[in-house]
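Have a look at the structure below before the remarks.
Proteins get letters first, then strands, A, B, ... in listed order; numbering begins at 1 in each. All heavy atoms count here, side chains included; hydrogens, waters and symmetry mates do not.
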Amino acid sequence: MSESSSVRIERLIRLIADHYGEIPWWPGDTDEVMIGAILTQQTRWENVESALTNLKKKGLCSLDSIFSADIREIEDAIRCTGFYRVKARRLKSLATHVMEMHGGTGGMADKPTGQLRHGLLQVQGIGDETADSILCYGLLRTSFIIDAYTERMVHCIGVPERRGALKSIFEGVLHNDNQTYRQAHAHIVEYGKEFCGKKRCSECILVSSNV
DNA sequence: GACCAGGTCCTTG
DNA sequence: CAAGGACATGGT
(Lines give C-alpha, C1' and ligand atoms only; values in the text may rest on other atoms or scores of the structure.)
Protein backbone atom coordinates (compact mmCIF):
# COMPACT_ATOMS: atom_id res chain seq x y z
CA MET A 1 0.00 0.00 0.00
CA SER A 2 1.21 3.43 -0.80
CA GLU A 3 1.64 5.91 2.00
CA SER A 4 -0.61 8.41 0.31
CA SER A 5 -3.51 5.93 0.55
CA SER A 6 -3.14 5.86 4.33
CA VAL A 7 -2.87 9.60 4.56
CA ARG A 8 -5.91 10.21 2.39
CA ILE A 9 -7.98 7.64 4.21
CA GLU A 10 -7.01 9.28 7.48
CA ARG A 11 -8.31 12.62 6.18
CA LEU A 12 -11.48 10.96 4.90
CA ILE A 13 -12.16 9.42 8.31
CA ARG A 14 -11.65 12.72 10.09
CA LEU A 15 -13.84 14.60 7.64
CA ILE A 16 -16.90 12.37 7.95
CA ALA A 17 -16.41 12.02 11.70
CA ASP A 18 -16.55 15.81 12.03
CA HIS A 19 -19.51 15.88 9.68
CA TYR A 20 -21.69 13.40 11.61
CA GLY A 21 -20.39 13.53 15.17
CA GLU A 22 -21.23 10.70 17.54
CA ILE A 23 -24.03 8.50 16.21
CA PRO A 24 -25.68 5.37 17.63
CA TRP A 25 -25.17 2.27 15.55
CA TRP A 26 -26.22 -1.36 15.74
CA PRO A 27 -27.59 -1.70 19.26
CA GLY A 28 -28.57 -5.06 20.69
CA ASP A 29 -27.13 -7.96 22.63
CA THR A 30 -24.56 -10.30 21.14
CA ASP A 31 -27.06 -12.81 19.77
CA GLU A 32 -29.26 -10.18 18.19
CA VAL A 33 -26.29 -8.52 16.50
CA MET A 34 -25.04 -11.85 15.16
CA ILE A 35 -28.45 -12.65 13.72
CA GLY A 36 -28.80 -9.14 12.31
CA ALA A 37 -25.37 -9.41 10.69
CA ILE A 38 -26.62 -12.25 8.53
CA LEU A 39 -30.03 -10.76 7.87
CA THR A 40 -28.59 -7.46 6.67
CA GLN A 41 -26.56 -9.04 3.91
CA GLN A 42 -27.51 -7.15 0.74
CA THR A 43 -30.59 -5.83 2.54
CA ARG A 44 -31.92 -2.56 3.97
CA TRP A 45 -31.74 -2.29 7.74
CA GLU A 46 -35.44 -1.39 8.13
CA ASN A 47 -36.37 -4.81 6.74
CA VAL A 48 -33.94 -6.45 9.13
CA GLU A 49 -35.63 -4.68 12.04
CA SER A 50 -39.02 -6.10 11.19
CA ALA A 51 -37.52 -9.57 10.86
CA LEU A 52 -35.88 -9.19 14.28
CA THR A 53 -39.26 -8.19 15.69
CA ASN A 54 -40.83 -11.27 14.12
CA LEU A 55 -38.13 -13.48 15.57
CA LYS A 56 -38.59 -11.99 19.03
CA LYS A 57 -42.33 -12.66 18.91
CA LYS A 58 -41.57 -16.30 18.21
CA GLY A 59 -38.86 -16.47 20.87
CA LEU A 60 -36.28 -17.09 18.13
CA CYS A 61 -33.96 -14.13 18.58
CA SER A 62 -31.14 -16.13 20.14
CA LEU A 63 -28.69 -18.61 18.71
CA ASP A 64 -29.67 -21.37 21.05
CA SER A 65 -33.35 -21.10 20.11
CA ILE A 66 -32.42 -20.95 16.43
CA PHE A 67 -30.26 -24.00 16.92
CA SER A 68 -33.25 -26.11 17.87
CA ALA A 69 -35.98 -24.34 15.88
CA ASP A 70 -37.78 -25.66 12.80
CA ILE A 71 -36.13 -23.98 9.82
CA ARG A 72 -39.57 -23.20 8.38
CA GLU A 73 -40.34 -21.10 11.44
CA ILE A 74 -37.18 -19.11 10.87
CA GLU A 75 -37.94 -18.65 7.18
CA ASP A 76 -41.41 -17.32 7.98
CA ALA A 77 -40.02 -14.76 10.40
CA ILE A 78 -37.27 -13.46 8.11
CA ARG A 79 -39.01 -13.53 4.73
CA CYS A 80 -39.13 -9.72 4.64
CA THR A 81 -35.33 -9.54 4.41
CA GLY A 82 -35.17 -11.38 1.09
CA PHE A 83 -32.94 -14.39 0.37
CA TYR A 84 -34.88 -15.91 3.23
CA ARG A 85 -34.07 -19.55 2.49
CA VAL A 86 -30.29 -19.09 2.30
CA LYS A 87 -30.37 -16.80 5.29
CA ALA A 88 -32.33 -19.29 7.38
CA ARG A 89 -29.74 -21.90 6.49
CA ARG A 90 -26.94 -19.47 7.37
CA LEU A 91 -28.49 -18.73 10.75
CA LYS A 92 -28.69 -22.45 11.44
CA SER A 93 -25.04 -22.88 10.46
CA LEU A 94 -23.97 -20.01 12.70
CA ALA A 95 -25.98 -21.35 15.64
CA THR A 96 -24.50 -24.80 15.15
CA HIS A 97 -20.98 -23.39 14.99
CA VAL A 98 -21.41 -21.32 18.15
CA MET A 99 -23.01 -24.18 20.09
CA GLU A 100 -20.54 -26.83 19.02
CA MET A 101 -17.34 -24.80 19.10
CA HIS A 102 -18.07 -22.54 22.06
CA GLY A 103 -20.98 -24.10 23.92
CA GLY A 104 -23.00 -20.94 23.34
CA THR A 105 -22.40 -17.26 22.82
CA GLY A 106 -20.95 -16.81 26.29
CA GLY A 107 -18.16 -19.26 25.49
CA MET A 108 -16.72 -16.83 22.94
CA ALA A 109 -15.92 -14.12 25.46
CA ASP A 110 -12.50 -15.34 26.58
CA LYS A 111 -11.18 -16.39 23.17
CA PRO A 112 -8.83 -14.30 21.04
CA THR A 113 -10.28 -12.26 18.20
CA GLY A 114 -8.20 -13.92 15.51
CA GLN A 115 -9.32 -17.37 16.55
CA LEU A 116 -12.97 -16.33 16.63
CA ARG A 117 -12.66 -14.71 13.21
CA HIS A 118 -11.09 -17.80 11.71
CA GLY A 119 -13.88 -19.93 13.13
CA LEU A 120 -16.62 -17.62 11.87
CA LEU A 121 -15.17 -17.68 8.37
CA GLN A 122 -15.55 -21.47 8.34
CA VAL A 123 -19.32 -21.05 8.63
CA GLN A 124 -21.19 -21.26 5.32
CA GLY A 125 -22.62 -17.84 4.58
CA ILE A 126 -20.25 -15.83 6.74
CA GLY A 127 -17.65 -13.87 4.81
CA ASP A 128 -15.28 -11.10 5.85
CA GLU A 129 -17.85 -8.40 6.34
CA THR A 130 -20.30 -10.49 8.35
CA ALA A 131 -17.51 -11.92 10.50
CA ASP A 132 -16.15 -8.46 11.26
CA SER A 133 -19.63 -7.11 11.99
CA ILE A 134 -20.15 -9.88 14.51
CA LEU A 135 -16.74 -9.27 16.07
CA CYS A 136 -16.97 -5.49 16.17
CA TYR A 137 -20.61 -4.88 17.08
CA GLY A 138 -21.54 -8.19 18.70
CA LEU A 139 -18.39 -9.06 20.62
CA LEU A 140 -16.83 -5.58 20.94
CA ARG A 141 -13.53 -6.58 19.36
CA THR A 142 -11.27 -4.31 17.33
CA SER A 143 -11.77 -5.84 13.89
CA PHE A 144 -12.62 -3.24 11.26
CA ILE A 145 -15.47 -3.82 8.81
CA ILE A 146 -14.98 -3.08 5.13
CA ASP A 147 -18.20 -2.95 3.16
CA ALA A 148 -19.31 -1.91 -0.31
CA TYR A 149 -19.64 1.73 0.76
CA THR A 150 -16.10 1.81 2.09
CA GLU A 151 -14.77 0.44 -1.14
CA ARG A 152 -16.76 2.86 -3.32
CA MET A 153 -15.87 5.80 -1.13
CA VAL A 154 -12.12 5.28 -1.20
CA HIS A 155 -12.18 4.55 -4.92
CA CYS A 156 -14.05 7.81 -5.29
CA ILE A 157 -11.06 9.69 -3.86
CA GLY A 158 -8.61 7.75 -5.98
CA VAL A 159 -7.46 5.07 -3.56
CA PRO A 160 -7.35 1.87 -5.62
CA GLU A 161 -6.97 -0.85 -2.97
CA ARG A 162 -9.48 -3.69 -2.62
CA ARG A 163 -11.19 -4.87 0.53
CA GLY A 164 -8.43 -7.01 2.00
CA ALA A 165 -5.84 -4.26 1.75
CA LEU A 166 -8.31 -1.65 2.94
CA LYS A 167 -8.91 -3.51 6.20
CA SER A 168 -5.18 -3.32 6.96
CA ILE A 169 -4.99 0.34 6.03
CA PHE A 170 -7.97 1.35 8.16
CA GLU A 171 -6.72 -0.69 11.10
CA GLY A 172 -3.34 0.95 10.73
CA VAL A 173 -4.79 4.43 10.66
CA LEU A 174 -7.53 4.21 13.31
CA HIS A 175 -6.93 4.30 17.04
CA ASN A 176 -7.10 0.64 18.01
CA ASP A 177 -10.15 0.73 20.16
CA ASN A 178 -13.55 -0.89 19.70
CA GLN A 179 -15.55 2.31 20.08
CA THR A 180 -13.40 4.05 17.48
CA TYR A 181 -13.95 1.21 15.02
CA ARG A 182 -17.70 1.19 15.64
CA GLN A 183 -18.03 4.91 15.06
CA ALA A 184 -15.80 4.95 11.98
CA HIS A 185 -17.81 2.23 10.27
CA ALA A 186 -21.08 3.88 11.30
CA HIS A 187 -19.92 7.14 9.75
CA ILE A 188 -18.97 5.42 6.53
CA VAL A 189 -22.32 3.70 6.14
CA GLU A 190 -24.19 6.88 6.98
CA TYR A 191 -22.17 8.80 4.45
CA GLY A 192 -22.44 6.01 1.90
CA LYS A 193 -26.23 5.84 2.14
CA GLU A 194 -26.37 9.56 1.58
CA PHE A 195 -23.85 10.03 -1.22
CA CYS A 196 -22.36 6.80 -2.57
CA GLY A 197 -25.03 4.97 -4.51
CA LYS A 198 -23.98 2.59 -7.25
CA LYS A 199 -24.34 5.23 -9.92
CA ARG A 200 -24.14 8.62 -8.31
CA CYS A 201 -21.20 10.13 -6.50
CA SER A 202 -21.98 13.82 -6.78
CA GLU A 203 -22.52 16.42 -4.06
CA CYS A 204 -19.66 14.55 -2.51
CA ILE A 205 -17.92 16.40 0.31
CA LEU A 206 -14.92 14.15 -0.15
CA VAL A 207 -14.28 15.42 -3.63
CA SER A 208 -15.28 19.01 -2.98
CA SER A 209 -13.10 19.08 0.13
CA ASN A 210 -10.17 17.85 -1.89
CA VAL A 211 -9.54 14.72 0.16
C1' DG B 1 -41.53 -1.85 -14.63
C1' DA B 2 -36.61 -1.04 -13.58
C1' DC B 3 -33.27 -0.70 -10.22
C1' DC B 4 -31.12 -1.33 -5.87
C1' DA B 5 -30.16 -2.74 -0.86
C1' DG B 6 -24.64 -2.39 5.25
C1' DG B 7 -22.91 -10.17 0.92
C1' DT B 8 -21.60 -14.78 0.01
C1' DC B 9 -21.03 -18.82 -2.71
C1' DC B 10 -20.28 -21.27 -6.93
C1' DT B 11 -18.95 -21.51 -11.60
C1' DT B 12 -16.16 -19.82 -15.63
C1' DG B 13 -12.59 -17.62 -18.41
C1' DC C 1 -7.59 -13.98 -9.48
C1' DA C 2 -11.74 -11.31 -11.76
C1' DA C 3 -16.27 -11.42 -13.33
C1' DG C 4 -21.04 -13.00 -13.61
C1' DG C 5 -25.13 -15.33 -11.86
C1' DA C 6 -28.10 -17.03 -8.02
C1' DC C 7 -30.39 -16.10 -3.95
C1' DA C 8 -35.77 -12.87 -2.98
C1' DT C 9 -38.38 -9.32 -0.68
C1' DG C 10 -39.61 -4.48 -0.30
C1' DG C 11 -39.02 0.40 -1.26
C1' DT C 12 -38.37 4.39 -4.69
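For E32(A), the side chain to side chain donor-acceptor pair (under 3.5 Å) partners two or more places apart in sequence, or in a different chain, are K56(A). Under the rule for a side-chain contact (heavy atoms from CB on, under 4.5 Å), the partners of R90(A) that lie at least two apart in sequence or sit in another chain are I38(A), Q41(A), V86(A). R162(A) is linked by a salt bridge (Lys or Arg N to Asp or Glu O under 4.0 Å) to E151(A), counting only residues two or more places apart in sequence or in another chain. Scanning for side-chain contact (heavy atoms from CB on, under 4.5 Å) contacts around S62(A) gives D31(A), D64(A), S65(A), with sequence neighbours left out. Annotation: side-chain contact (heavy atoms from CB on, under 4.5 Å) contacts of A95(A) (sequence neighbours excluded): L63(A), I66(A), F67(A). By the salt bridge (Lys or Arg N to Asp or Glu O under 4.0 Å) test, K111(A) is found to be paired with no residue, residues two or more places apart in sequence or in another chain being considered.
Heavy atoms of other residues, nucleotides or ligands lying less than 6.0 angstrom from CE of M101(A) number 12 at most.
Here F83(A) lies in heavy-atom contact (under 4.0 Å) with a base.
Among pairs with a residue in residues 167-188 of chain A, those fulfilling salt bridge (charged side-chain N to carboxylate O under 4.0 Å, His left out) read D132(A)-K167(A), K167(A)-E171(A), at least two apart in sequence or across chains. Note on residues 73-102 of chain A: pairs passing ring pair (Phe, Tyr, Trp, His ring centres under 6.0 Å), not counting sequence neighbours, are H97(A)-H102(A).
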Inset, instruction - If a protein heavy atom is under 4.0 Å from the base, mark B; if only from the sugar-phosphate, S; if neither, -; do that for nucleotides 8-13 of chain B going 5' to 3'. - result: BSS---
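Per the geometry, CZ belonging to R85(A) stands 5 Å off P belonging to dA8(C), to the nearest Å. Taking atom CG on L120(A) and atom P on dG7(B), their separation rounds to 18 Å, with Å as the unit. Counting to the nearest Å, the C1' atom of dC1(C) and the CZ atom of R162(A) are 10 Å from each other. The interatomic distance linking L39(A) (CG) with dG7(B) (P) rounds to 13 Å, in whole Å. The CD atom of E151(A) sits 13 Å away from the P atom of dA5(B) (whole-angstrom rounding).
Rounded to the nearest Å, the gap between the P atom of dC10(B) and that of dA8(C) is 14 Å.
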Donor-acceptor pairs under 3.5 angstrom involving side-chain atoms of residues 70-78 of chain A: please list them, not counting sequence neighbours.
{"from": "D70(A)", "atom 1": "OD1", "to": "R72(A)", "atom 2": "N", "distance (Å)": "2.9"}
{"from": "E73(A)", "atom 1": "OE1", "to": "K58(A)", "atom 2": "NZ", "distance (Å)": "3.0"}
{"from": "D76(A)", "atom 1": "OD1", "to": "R79(A)", "atom 2": "NH1", "distance (Å)": "3.4"}
{"from": "D76(A)", "atom 1": "OD1", "to": "R79(A)", "atom 2": "NH2", "distance (Å)": "3.4"}

List, with names and distances, any nitrogen or oxygen atoms from the protein found under 3.5 Å away from nitrogen or oxygen atoms belonging to nucleotides 10-12 of chain C.
{"from": "dG10(C)", "atom 1": "N2", "to": "R44(A)", "atom 2": "NH2", "distance (Å)": "3.4"}

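Looking at DNA chain B, the stems built from 3 or more consecutive Watson-Crick or G-U wobble pairs, each pair with its key distances under 3.5 Å, are B:2-5 with C:9-12, B:7-13 with C:1-7.
Distances from the side chain of A148(A) to the nucleotides dG7(B), dA5(B), dC7(C) place dG7(B) closest.
Relative orientation of the Y181(A) and F144(A) rings is perpendicular, given thresholds of 30° and 60° on the angle between their planes.
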